[in-house]
Amino acid sequence: MKKIKKVLAGVLAGAMALSLAGCGGTAASSTASSSEAASASSGAASTGAESATAEYDADVQAIVDRGVLRVGVKNAVIGFGYQDPATGSYTGMEIDIAKKIADTLGVEVEYTAVTAATRTELLDSGDIDCVLATFTITDERKESWDFTTPYYTDHVTVLVETSSGITDLAGLKDKTVGVSSGSTSAKALVQAMIAAGTLPGDGFDPATFDPATWTDGVKFQQYDDYPSISTALSAGQVDAFCVDKSILAVYNTDGRAYIADEFSPQEYGIATKKGSGFSALCETLVTTWLADGTIDGLVATYGLG
Ligand code: GLU
């Protein structure tokens, strides 16, 4: 019990110090120094009590000893995780949350660009400590990884070429839709088409649904990354591109439009190794930052409200 109290004291003191130091900053490079914030954190902690000697679980202590928090982030989702191709620097709400976690631990942060297909492998292999990459919390995924309380909720929608004449879910009947491997998108679309009465839904079982074999009223092509789906849409290899609206935004160029429907709320959480001490720490931080307005501030900073 004492150990938990000491760790929480440190975390909360750190979170307070960081919110005093301001939270709207962005990491200017893939490895951002956090020495200023770390000293602010320990300064605040020394007035509070015990956090300068905080005892962490072994996996958290390993991050502290390494001096670097490794975080899997998106690199093409504006407002969440975006890497400037010219400078290499990352910006976005998820980038800032990662930096703030690193600051709380007094370590640097290192961003690794991940996709929906690679993020869990990299977490499982230990190449990254956590995923902050538009990663939707689902019951199925919770069996394999820990997720924090959601820090943002998006919805799924569909992007089309306006010349296709597709404007709604009904227009997707018998079409081929591009989705990312390892994403929630295909299942969400089929469920939405069933709910809208566009598909009968016979034979749909959410537990066994597989985009690769589903052919009943809509078909899917799976890709490893989003630029490939965008290219396939331009080339007419797919009729539509389905994923979370936040991810689609960068591909909504001239001559393209969203269909009218948005569906399937996507709650984004930080994913960590199941049962790890770092899971508990991330949860404490996210709930603290939800309660004190820090997360709302990031939503406003990046125009995501
Ligand atoms: N957020 C959705 C998911 O976790 C879409 C895929 C993605 O994040 O790239 O499956």
Side-chain angles (χ1 to χ4, degrees), residues 71-83 90 92-95 97-98 111-124 128 130-159 177-193 206-207 209-212 214 218 220-233 238 240-252 258-259 261-274 282 286 295 299 302 304:
V71 186
V73 296
K74 290 293 185 76
N75 65 359
V77 186
I78 293 171
F80 290 84
Y82 181 77
Q83 186 175 28
Y90 282 91
M93 171 181 190
E94 291 173 331
I95 302 303
I97 293 173
Y111 302 115
T112 297
V114 299
T115 66
T118 65
R119 60 192 165 192
T120 52
E121 293 164 20
L122 291 167
L123 185 57
D124 290 345
I128 54 177
C130 61
V131 175
L132 257 153
T134 67
F135 200 8
T136 303
I137 304 163
T138 68
D139 287 341
E140 198 185 341
R141 289 172 176 170
K142 280 199 279 188
E143 287 172 18
S144 302
W145 304 282
D146 285 332
F147 285 85
T148 62
T149 297
Y151 52 82
Y152 189 82
T153 303
D154 197 14
H155 287 82
V156 179
T157 191
V158 177
L159 186 69
V177 180
V179 294
S180 169
S181 321
S183 73
T184 52
S185 315
K187 190 194 284 186
L189 180 59
V190 169
Q191 282 175 317
M193 289 176 79
F209 174 81
D210 180 358
W214 182 266
V218 64
F220 296 97
Q221 282 285 344
Q222 297 186 81
Y223 295 85
D224 284 341
D225 57 62
Y226 295 113
S228 302
I229 308 180
S230 183
T231 304
L233 182 63
V238 295
F241 178 176
C242 176
V243 71
D244 310 358
K245 198 165 190 180
S246 59
I247 297 170
L248 282 175
V250 75
Y251 306 105
N252 185 14
Y258 299 121
I259 64 165
D261 312 74
E262 292 182 11
F263 43 90
S264 188
Q266 302 288 303
E267 294 186 328
Y268 297 162
I270 304 174
T272 42
K273 279 205 169 154
K274 203 160 179 59
C282 287
V286 167
I295 301 279
V299 168
Y302 291 103
L304 305 172

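These numbers come from the heavy atoms of this one structure, side chains and all, not from hydrogens, waters or symmetry mates. Order of appearance sets the numbers: ligands from 1, and atoms from 1 within every ligand.
Here Y90 and Y82 keep their ring centres 6.0 angstrom or further from each other. Aromatic ring centres of F80 and Y268 lie closer together than 6.0 Å.
Contacts between T115 and ligand 1 below 4.0 angstrom, taking non-hydrogen atoms only, are absent altogether. Only the side chain of I247 comes within 4.0 Å of ligand 1, counting heavy atoms alone; its backbone N, CA, C and O stay farther away. Proximity of K187 to ligand 1, defined as any heavy-atom pair under 4.0 Å, is not found for any part of the residue.
Atoms of ligand 1 lying under 4.0 Å from at least one heavy atom of V243, given by number and element, are 5 (C). When each atom of ligand 1 is checked for a heavy atom of R141 under 4.0 Å away, the hits are 3 (C), 4 (O), 10 (O). Near D244, with a cut-off below 4.0 Å to any heavy atom, the atoms of ligand 1 are 1 (N), 2 (C), 5 (C).
Distance from atom 6 (C) of ligand 1 to its nearest protein heavy atom, with residue and atom name: Y226 OH, 3.1 Å.
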Distance-only criterion, 3.5 Å: show the donor-acceptor pairs between side-chain atoms of residues 131-140 and protein atoms not counting sequence neighbours.
{"from": "T134", "atom 1": "OG1", "to": "K74", "atom 2": "NZ", "distance (Å)": "2.9"}
{"from": "T136", "atom 1": "OG1", "to": "Q266", "atom 2": "OE1", "distance (Å)": "2.6"}
{"from": "T138", "atom 1": "OG1", "to": "R141", "atom 2": "N", "distance (Å)": "3.0"}

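Using a cutoff of 4.0 Å between basic side-chain nitrogens and carboxylate oxygens, D154 and K245 are not scored as salt-bridged.
Between F209 and F220, the two ring planes are perpendicular [angle over 60°; tilted spans 30° to 60°].
Considering backbone and side-chain atoms alike, Y268 places every N or O at 3.5 Å or more from each N or O of ligand 1. Note: no N/O pair closer than 3.5 Å links S183 and ligand 1 by distance alone. For the pair K74 and ligand 1, the shortest N or O to N or O distance falls below 3.5 Å.
Using a 4.5 Å cut-off on side-chain heavy atoms (C-beta onward), Y258 and V158 make no contact.
With 3.5 Å as the limit, one finds no donor-acceptor pair spanning the side chains of Y152 and S246.
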